[in-house]
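The structure appears right after this line, and notes come after that.
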Amino acid sequence: MPPKKSIGAEYLKGLWDENPVFRQLLGMCPTLAVTNAVINGIAMGLATAFVLILSSLVVSSIKKLIPNQVRIATFIVIIASFVTIADRFLAAFFPPISKALGPYVPLIVVNCIILGRQEAFSSKNSVGRSLIDAFGMSTGFILALLILSSIREILGSGTFLGFQVMGSWFKPWVIMVLPAGAFITLGVLLGIAILIESKTKTRST
Amino acid sequence: MSLSARMIVVLTVVGLISGSLLAVVGLLTKERIEMNRQQEIQTAINEVIPSTKTSHKIYEDETLTVYESLDENKNNVGFAVYTSGTGFQDIITLMYGVDPSVSKIKNLTILDQKETPGLGAKITDEKSFLRFWEGRNCEKPLSLRKPAVDSPEKLDPSEVNAITGATISSEKVLEIVNLSLQRLKQIKQGGKLSSEEKNAT
Amino acid sequence: MDILTVFVAAILVNNFVLYYFLGICPFLGVSKKIDSAFSMGMAVTFVMTLTAVASWMINHWILIPFGLDYLQIVSFILVIASLVQLVEMFIRKMSPPLYQALGIYLPLITTNCAIMGLALLAALKNYNFIKTVVFGVGSGLGFTLAIVLMAGIREQLDLADVPKPLKGAGIALIVAGIMALAFSGFSGMIK
């Protein structure tokens, strides 16, 4: 087992070094699908964080009780339960957001980030550490959604969170809010992430 | 305990806990979700038939749902039709109002659409596409006016404005409306829209 | 909307990968060679068709009649997981060559959001049984089409001089964007 990280490092790794979207390429479907507006990106990020943090809490608390052979099935049931709660909550109290996100809220259940963290981290680490890890990964995921959705909303609609930010001279780039814009923006962002990573590496060595 | 017994016990317990938890959550949110749905319909009915005081569902089948709308004196002021169909990209769900004799459109509102932002999505725009629907004659199918004109007088009685650059989205909305109008007239002829007789007895 | 519309829409207009963004992981992961992309596509189509049938039955015979719609997510994901397991065992027994071809892709399918997405979308769109099945087959074929096209382009891309930071996932996503743009040309073609 690798040496234990400090608490801070355990949290911070989710932001950059192991950022689920930019570094691990996990959870791409919701990342692409709901980032046409910042509000949708934030809602999706928070819903995913809710499911990830609570699933990590439960899985790390009962990890000793779960037989190895049925661990995946158990994880899935736990995750699916929290997803249902998130889905119902949004439908009951934030109907417009629930409508905008559509099937992508229930689809959190197959977001590889969540199952991946249970398998790779929560089932092997203490409750405290798992929670910090889950918080870190959630922050990283929200950050990624926020960056992508800001770019797409500002360029694609000329607004940020619905408020006009570009002058009247600005003609919105409709392509940015279309599926094609999602793919291309994320592709370019991945390239930039790798560029930054390689630059910082060459400097530190 | 043997391994397989433990596996079964763990899975059953996890399943039971999550099942009962979800049952509670389902119960707690059910009413509210149902209320949201009804509220959405209610708001839409008031939008398409502004003189509505109360309304109730009067007919429903696979293709459309019809609500009868009544004013404060319980007089029928029209029918609100809730229907959906394929648009340019995905399904468009809309509601429109007609007068009691199904001869004039009252208003149209788009409830759900995923048309191209900036182009087809203008079907939700009050200032262009939705502007001159009120009072259109719908005894025969509605048709599209291209290019769009700036006053209702310049339109034929059964014409509505098209969206510049998104003719297909405009056509699709018109198709959905025309199809459901045809269906509505059949239903009316079948006598299924007359609650008066029911009320009389 | 008739059956043909559902079928064509699922393949071209509302393509699972390029319009709904479902199944991106295998789309990026298994699209380096045309052969493996095609096998993956076939495996997904097969499981999707079965999922369409199974999820419809669960939804209409159990969840809706008994008012258990809050168990939809849990039951769909469990059905998909067990279905994939069953298919794997069945293929291994019945057709070893097929297992060789599809076997390694099957476990990946459980967490493929395209399958879960299919079950949820079919329920959301309120399709009847036949339409659900057609939707399943069409969506699977649409996925296959997208992933095979992608693999064809990536085989060529290996020879191209791609800027270093964009190599791999970056350029794959940009290509997907251009494909999505091309596919949006199919919009509006269905009546």
Side-chain angles (χ1 to χ4, degrees), chain A residues 33 36-37 54-55 58-59 61-100 102-103 109 152-153 155-159 170-182, chain B residues 1-44 84 88-93 110-122 124-125 163 165-166 169:
Chain A
N36 51 1
L54 287 176
S55 305
V58 173
V59 167
S61 322
I62 62 166
K63 59 179 180 286
K64 294 218 173 72
L65 300 172
I66 309 172
N68 207 27
Q69 292 80 352
V70 291
R71 66 179 194 289
I72 301 282
T74 319
F75 296 165
I76 288 179
V77 173
I78 293 170
I79 295 170
S81 309
F82 287 122
V83 172
T84 310
I85 294 174
D87 184 42
R88 289 269 146 173
F89 178 78
L90 282 177
F93 298 103
F94 300 97
I97 291 181
S98 165
K99 211 171 159 184
V109 75
R152 289 183 65 195
E153 190 180 332
L155 293 179
S157 324
T159 58
F170 180 75
K171 194 117 177 63
W173 306 2
V174 173
I175 185 179
M176 294 303 279
V177 285
L178 297 180
Chain B
M1 218 187 318
S2 77
L3 182 67
S4 53
R6 220 176 104 204
M7 272 161 54
I8 293 169
V9 169
V10 168
L11 276 184
T12 320
V13 170
V14 169
L16 279 179
I17 293 176
S18 98
S20 34
L21 182 70
L22 292 185
V24 173
V25 172
L27 222 61
L28 287 177
T29 51
K30 195 177 184 154
E31 219 165 288
R32 181 121 194 161
I33 294 172
E34 191 50 40
M35 204 178 78
N36 288 338
R37 200 169 299 152
Q38 272 168 13
Q39 201 154 29
E40 197 192 349
I41 299 277
Q42 207 59 56
T43 319
S84 61
F88 181 63
Q89 188 65 261
D90 213 326
I91 289 169
I92 299 175
T93 307
I110 308 286
L111 297 170
D112 198 17
Q113 55 88 21
K114 295 189 176 61
E115 302 300 285
T116 319
L119 294 169
K122 280 193 191 146
T124 59
D125 189 1
I163 304 166
S169 291

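Below, chains carry the letters A, B, ... as their sequence lines are ordered, and counting in each starts from 1.
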For the interface with chain A, which of Lys114(B), Arg32(B), Lys30(B) has the highest count of heavy-atom pairs at distances below 4.5 Å?
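Looking at each of Lys114(B), Arg32(B), Lys30(B) in turn, Arg32(B) comes out on top.
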Under a 4.5 Å cutoff for heavy-atom pairs, which residue among Val14(B), Leu21(B), Leu22(B) has the most contacts with chain A?
Leu22(B)
Mind checking whether [X] and [Y] have side chains closer than 4.5 Å, heavy atoms only?
{"X": "Ile78(A)", "Y": "Val59(A)", "result": "yes"}
{"X": "Ile91(B)", "Y": "Asp112(B)", "result": "no"}
{"X": "Glu31(B)", "Y": "Met35(B)", "result": "no"}

Any donor-acceptor pair under 3.5 Å from Ser81(A) side chain to Val77(A) backbone:
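Side chain of Ser81(A) to backbone of Val77(A): a pair is present.
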Checking Ile85(A) against chain B: side chain, backbone, both or neither under 4.5 Å from a heavy atom?
both
Side chain from CB out, backbone as N, CA, C, O: work out which of these in Glu40(B) comes under 4.5 Å of a heavy atom of chain A, or both, or neither.
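The side chain, not the backbone.
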